[in-house]
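Step one of this worksheet: look at the structure below.
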Amino acid sequence: MKQTEKNIETRSSNLPISIGLVLKIAFFVGGFALWGWSFVAVVVGIRIALGVVKTLLSCLVTLLVVAVVIALAFGLIL
């Protein structure tokens, strides 16, 4: 009985590449075929911009949390 359950839980794909990666490659090749190097520049620009925005948002959220903690500490002390 346990052997059957173990076999059911360990089902996995033995594919060397994921479907998501295939879709990304197809999107990139199709975009390049339609729009050329400007498509590549836009995609790279968006990837860089998203990285910067994520970093800035993380920093702002951290600063907000620190400010709230300090405000609560002063509020409880005074």
Side-chain angles (χ1 to χ4, degrees):
M1 185 67 153
K2 288 188 178 188
Q3 183 65 25
T4 304
E5 291 175 6
K6 185 177 179 182
N7 288 340
I8 290 173
E9 292 175 6
T10 58
R11 286 185 186 172
S12 66
S13 173
N14 291 327
L15 295 174
I17 191 168
S18 68
I19 294 174
L21 184 59
V22 170
L23 290 175
K24 285 179 185 178
I25 292 171
F27 172 72
F28 188 80
V29 169
F32 184 75
L34 288 173
W35 295 293
W37 285 107
S38 9
F39 175 77
V40 175
V42 169
V43 169
V44 169
I46 288 173
R47 302 266 319 200
I48 291 171
L50 285 177
V52 170
V53 168
K54 283 182 183 179
T55 304
L56 288 175
L57 283 177
S58 173
C59 181
L60 290 175
V61 168
T62 303
L63 288 174
L64 180 66
V65 168
V66 168
V68 168
V69 168
I70 291 172
L72 286 174
F74 278 129
L76 292 174
I77 291 172
L78 302 176

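Side chains included, hydrogens not; waters and symmetry mates left out as well; all remaining heavy atoms used.
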Kindly work out whether a path of hydrophobic side-chain contacts (I/L/V/M/F/W/Y, heavy atoms less than 4.5 Å apart) joins V44 to W37. yes
I'd like to check F28 versus V40 (side-chain heavy atoms, cut-off strictly below 4.5 Å). Are they in contact? yes
With a 4.5 Å cut-off on side-chain heavy-atom distances among I, L, V, M, F, W and Y, is there a chain of contacts connecting F27 to L21? no
Validation: residues 53-71 side-chain donor-acceptor distances under 3.5 Å, sequence neighbours left out:
unit_1, atom_1, unit_2, atom_2, d
T55, OG1, G51, O, 2.8
T62, OG1, S58, O, 2.8

Looking at every non-hydrogen atom in both residues, tell me the closest pair between F32 and F39 and how far apart they are. N-CD2, 3.5 Å
